[in-house]
Undergrad: 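The structure that follows is given in the form of structure tokens.
Whatever order the structure lists them in is the order used to number ligands and atoms, beginning at 1.
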Amino acid sequence: MKLFESASSSALESTYAKHVNAQWVRVLDLLQMNETYARCEGAELFTAGGRRILDFLSGYCVHNIGHNHPRVVAALKDELDRRGPAMLQSHAPEAAGELAARLCAKAGGRLTNAYFGSSGSEGIETVIKFARAHTGRTGILHADGSFHGLTCGALSLMGDPFWRDGFGPLLPDTARVPFGNIDALAVRLSSRRFGAFVVEPIQAESGISVPDRGYLRTAQALCRRYGTLFVLDEVQTGLHRTGPFLAAHHFGLEPDMVVLAKALSGGLVPSGAVLLSKEIYESVYSSLSRAFVHTSTYSENGLAMRAGLATLDVLEDERLGERAAAVGEYLRTSLRERLAGFEMVREVRGLGLLSGIEFQAPRQFWRRASFESLDRIHSGVFGQMLVMRLYRQEDVLSQICGSNFMVLKVAPPLVVSDAQVEQFVGAVSRVVEQMHSSMAFWTEALTLVHRLVNI
Ligand code: PLP
């Protein structure tokens with residue numbers, strides 16, 4: 001049963017299914033989310049069938065400045081029209097210098113240089129190599145619950161077996177400490193085996209985990225004491241997602257390296273950057289013969305650089321950092337007010353426009369019995385029911401966190417309007433109300449599970 005299907009979308013789907021990823025199409029079909037999008041603008045997605053969907057996922061924090069921002073689109077067209085050098089691999093692109101200078105100035109602290117790549121994972125691969133080159137140590141430390149990307153090096157810094165299983169052996173010499181636990185970190189660091197501690201300042205996929213105020217400051221100090229580089233993965237939290245340019249700025253941190261990607265190029269061109277200190281740069285690119293010892297074909301490409309510069313202009317001119325801070329507070333306050341008293345809502349938390357609504361198992365008998373039957377089959381079904389209802393019934397696109405299925409991620413584009421925030425709060429409240437009062441929510445969930453099991 002598909003509620004919103006059009007002939008053109010099924011034709012596209014079958015080509016996609018045949019030649020790209022049929023399992024993904026089946027998942028989308030099952031969740032009744034397999035839509036054809038005609039146009040996307042700001043925080044809204046318009047389907048071929050005429051639906052208007054509010055985007056509260058932002059492609060996992062890609063669309064900070066909104067979909068298809070006209071200034072980034074214009075910058076890209078201009079770059080193509082001027083027919084300048086692209087991929088010569090034999091010149092020093094000025095736009096890359098300009099973007100690096102602006103990113104480092106905004107990040108501050110000891111960050112003076114940038115290495116550009118095309119994704120967050122590539123940034124993590126880069127910091128692993130640079131940390132080894134700079135410190136001469138092979139060990140890399142990371143935190144439980146982290147998400148750093150799915151290339152082999154990045155995956156080696158993640159603990160979740162869902163992502164790791166079947167792809168080993170991964171990098172040796174990596175170790176994991178509980179996120180937020182200073183004592184465990186101190187013990188590991190004191191071995192002086194680790195070149196870097198790589199950590200997200202706010203863990204997004206583990207459930208929007210905001211650490212205690214002092215944790216990251218103390219972690220940084222310990223890293224300095226034991227000669228380990230303090231590296232922040234700001235792939236989701238950077239570019240004003242949480243208010244300031246970097247989440248590091250909430251905590252007064254001065255990391256040795258920062259990884260950026262996702263929102264860096266306005267959501268239109270693959271792009272990523274590692275910001276690093278002069279000392280680290282000099283350890284890697286240490287002589288003429290090592291001038292290109294770490295690089296990549298599409299690094300510093302003109303489209304990504306121009307998109308990056310235009311994205312920074314938009315973030316600055318539209319004061320989107322201030323907007324993220326103010327709207328984020330308002331959003332969480334409204335959600336807390338509207339969701340108070342529902343036994344399955346545990347907490348609303350976050351910073352800026354990176355928030356999560358954490359749910360918990362119900363106590364009330366009939367709800368608990370249904371919840372437990374779902375949970376026994378797959379711990380993600382309850383969350384997907386929520387996502388599906390929001391999408392189908394309320395025209396809101398959202399998702400649960402990748403490794404904490406009880407947390408609904410709330411991350412709209414930073415350009416989201418007050419009216420759109422109110423629409424979202426109303427939508428979530430209605431679905432939460434149904435989950436507490438209507439048997440239909442649970443019977444639908446059980447039907448979904450049976451379809452899943454039969455696949
Ligand atoms: N780091 C974080 C915190 C992420 O959320 C992601 C992707 O979701 C990555 C790194 C990897 O980025 P990419 O998918 O661009 O390789």
Side-chain angles (χ1 to χ4, degrees), residues 21 24 57-64 114-131 140-160 162-164 167 170-171 174 176 179 196-211 216 230-242 245-248 250 253 255 257-275 296 298-299 301 304 307-308 311 350-356 398-404 407 409-411:
N21 187 347
W24 175 236
L57 178 62
S58 300
Y60 298 88
C61 301
V62 172
H63 297 289
N64 287 12
Y115 169 79
F116 291 106
S118 304
S119 69
S121 306
E122 194 184 337
I124 297 291
E125 300 296 329
T126 302
V127 300
I128 293 171
K129 285 177 70 179
F130 285 15
I140 307 286
L141 201 53
H142 59 101
D144 268 342
S146 56
F147 191 100
H148 294 303
L150 302 180
T151 53
C152 275
L155 190 55
S156 309
L157 307 187
M158 288 168 44
D160 190 339
F162 172 78
W163 301 109
R164 291 172 65 107
F167 296 112
L170 298 174
L171 275 191
T174 62
R176 206 162 73 230
F179 184 64
F197 173 46
V198 180
V199 65
E200 295 156 85
I202 297 165
Q203 288 189 335
E205 297 311 320
S206 79
I208 318 296
S209 312
V210 184
L216 291 166
F230 180 63
V231 179
L232 293 181
D233 176 344
E234 295 241 19
V235 168
Q236 290 211 37
T237 52
L239 282 299
H240 293 293
R241 169 54 60 186
T242 71
F245 182 66
L246 299 178
H250 282 291
L253 302 171
M257 289 191 269
V258 167
V259 184
L260 298 173
K262 293 198 187 274
L264 179 57
S265 57
L268 288 167
V269 187
S271 185
V274 175
L275 309 183
S296 163
Y298 280 85
S299 173
N301 77 81
T311 298
L351 268 179
L353 277 171
L354 184 61
S355 301
S398 63
Q399 208 21 286
I400 50 176
C401 292
S403 48
N404 186 341
V407 178
K409 197 170 181 185
V410 184

Undergrad: Tell me which residues fall inside the under-4.0 Å heavy-atom shell around ligand 1.
TA: Ser119, Gly120, Ser121, Phe147, His148, Gly149, Glu200, Asp233, Val235, Gln236, Lys262
Undergrad: Which pairs pass side chain to side chain donor-acceptor pair (under 3.5 Å) with one or both residues in residues 230-240, sequence neighbours excluded?
TA: His148-Asp233, Glu205-Gln236, Glu234-Thr237, Gln236-Lys409
Undergrad: Any side-chain heavy atom of Leu232 sitting closer than 4.5 Å to one from Leu246?
TA: no
Undergrad: Can you name the salt bridge (Lys or Arg N to Asp or Glu O under 4.0 Å) partners of Arg176, sequence neighbours left out?
TA: Asp144
Undergrad: Can you pull the side chain to side chain donor-acceptor pair (under 3.5 Å) pairs that have at least one residue in residues 257-274, sequence neighbours excluded?
TA: none
Undergrad: So among Thr151, Val274, Val259, which one has a side chain to side chain contact (heavy atoms under 4.5 Å, CB included) with Glu125?
TA: Thr151
Undergrad: Kindly assign one of parallel, tilted or perpendicular to the pair Phe147 and Trp163, based on the angle between their ring planes and the thresholds 30° and 60°.
TA: perpendicular
